[in-house]
Structures are given as C-alpha cells and as structure tokens.
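Data block below; observations after.
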Amino acid sequence: MSSNAQDGALKIELGRRYRFAASHRLHSAELSEDKNSRIYGKCNNPYGHGHNYILEVLVSGKVDPATGMIANLADLDGFVEREVLEPFDHKSLNEDVAAFRGTVPTTENLCIEIFRRLKPFPKAKLERVRVQETSNNSFEYAGDNPEGFEG
Amino acid sequence: MVLLTRKIEFAASHLYHNPDFSPEENRRVFGKCNNPHGHGHNYTLEVTVAGEPDPVTGMVLDLKDLKEILEREVMQRMDHRFLNYEVPELAGQIPTCENIARVIWRLLDPQIKQGKLHRVRLYETADLFADCYRNGAEGGQAP
C-alpha cells in the first residue's frame, strides 16, 4: 500500500472512548470531619456514590502504510481493558484500587492514575487521557508533556 | 486567537484489505473490517479553523464559505460513496479513520483562505476518532 511522503507535515492522533462504572468517596484523612464535609459536600457521604465514567485515550504515532493505522485497535483495546477497565469497572475506587488508598479519588487524580497505567502502551505514544465524570464535568491529563494538549 | 469549529455528517462504506497480505493475514489484522463486501459508518467531521476575528465582521471566517468548502470538498466526494473505490485521494490506502482524516486535511487546507486550518477530527463511531494537526503548530511535535 502507498506510503505517504508528506507524513511529516501532519500530526495524527487516534482517539478511543471507553466506559466504566465505579463508586468513590471524596474524603481526606488529613482534614477534619467538618472540613471534609465542607469541601467535598455530598461527595463526602461515607457510603460513597458512583458514576458512569467515560474515558478518552489519545495516542499518536506514524500511520503504518500497510495497515493505515497508528495502532491496531485490538491491541489498544486489550491494553486498556487489562490496565484500566478490568481493575476499575464495577469497583470501589477507594477500596479496590491500591493507588487510592492514600489519595483522594477525585477525577483529577483518576486521570493521573489512568495516564500512569496507560503510558507504557508499547504500540504508540500516549498523548493524553480525558475522563468524563458526568456529562457536565471532564478532566484531561497529558503527563509532564504540555504538548500532549491540542496537537 | 479564536478557534471556530463546524461539524458535518456523511455516510460512506469501506473495507480494509491489503493486497500484499495473505487472506489469513488480512483477516487477522483487520478482523470484521476485512469483509469483502464492505460495511458502512455515519462519519462525523469536525473542522476547526484558528484566527483573529475580522474587526469589521467579527468573524474568523464566514461560516457560509466554510460550509460551501465542506460541501464541495467532503460531502460531494465522500457522502454515500464507497471510499475504497470512489474516492481517488484514498486510492492505494487503507481507508482508516487516520488516513481519511489526513486526506480531508489535505483537501481543506488549501481552500481555507481566512484563518488557518487548526484541526480535523473525524469520528467513525462515537467511540473512535482521529485528529489531524499541522505538525509543529500549537505545541505539536514530530510523530
């Protein structure tokens, strides 16, 4: 299949969306009960609550002329399934994910943890992750690479 | 700088097949997308143009002009077409989201005279898309 001589002039990213449902409770052991209640409001309910999270993963790389792909979706899907969906879906983030034992599972911290887990994807470069907690709230993280945002 | 985005939708069919691969390899690499009769998608295209608003009109570019460019360059070429066989710009390429987005970028970039093409985002489904940027623009870097 034809290769593309002008490839270097353009940057192409592949974006893929995944879904998982999980519960969490926002509570910091370093804050008083009053302060926790004031800062986190309803999210401080001791029994926790849940969301249908949408995870967007963006990777970049050379488009392989033989396949037309930056990365084979089966590889990306399998990696995300293993690293994120399987350990997070239908779980309590506070109780079931070791990273949130001492870290408040805000969606900011969730983005950072997901980025950390997906960074080693061997077939393409992870640019950024975007996590939508509800249709009104979403968060993005590009690691220490500011160029991961917007191209 | 202001970014302006216009969205259009088109429906098209395609299949993934590399004649250099064996039938088994084609099936293994491309899976269901290798069905020889093809299959189709409702594509959603978001085109983002960057620029400073004109002090008189308040516009980065006239949306009517962008609408016409998209109609001519994308809709007429790709809507209700079989991408492998009917779009010459894709000849010899696997019509993946990545390759279609790149072809669309190359079609649109020379047509946009006011402002600068900033991003082409093509959704093949709600859960799969490709973004195309000018390399080096807006913090972009070499792949």
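Quick note on labels: first sequence line is chain A, next is B, and so on, each numbered from 1.
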Apply side-chain hydrogen bond (donor to acceptor under 3.5 Å, both in side chains) to residues N44(A) and H27(A) and explain how you reach the verdict. CA-CA 6 Å; N44(A) 188 232; H27(A) 180 90; 3.0 Å; yes
Begin from the C-alpha positions of L107(B) and I69(B) and carry the test side-chain contact (heavy atoms from CB on, under 4.5 Å) through to its verdict. CA-CA 9 Å; L107(B) 290 168; I69(B) 292 168; over 6 Å; no
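With hydrogens and angles left out, the side-chain atoms of S138(A) and Q132(A) include no donor and acceptor closer than 3.5 Å. At a cut-off of 3.5 Å, with distance as the only test, a side-chain donor of Y123(B) or R17(A) sits close to an acceptor on the other residue.
Remark: D127(B) engages R19(A) in a salt bridge, criterion side-chain N to carboxylate O under 4.0 Å. Salt bridge status for E56(A) with R128(A): absent, with no side-chain N to carboxylate O gap under 4.0 Å. A salt bridge does not link E30(A) with K35(A): none of the charged nitrogens is closer than 4.0 Å to a carboxylate oxygen. A salt bridge is absent between E98(B) and R102(B): the closest approach of a Lys/Arg side-chain nitrogen to an acidic carboxylate oxygen does not fall below 4.0 angstrom.
When the shell of 6.0 Å around NZ of K91(A) is examined, it contains more than 12 heavy atoms from other residues, nucleotides or ligands.
Note: H39(B) and H37(B) fail the aromatic proximity criterion, with ring centroids not under 6.0 Å apart.
Of the atoms belonging to C132(B), heavy atoms from both backbone and side chain fall under 4.5 Å from chain A. With a threshold of 4.5 angstrom between heavy atoms, L58(A) approaches chain B through side-chain atoms but not through N, CA, C or O.
Interface residues of residues 5-30 of chain B toward chain A, defined by a heavy-atom distance below 4.5 Å and sorted by number: Y16(B), H17(B), N18(B), P19(B), D20(B), F21(B), V29(B), F30(B). Within residues 70-84 of chain A, the residues having any heavy atom closer than 4.5 Å to a heavy atom of chain B are I70(A), A71(A), N72(A), L73(A), listed by residue number.
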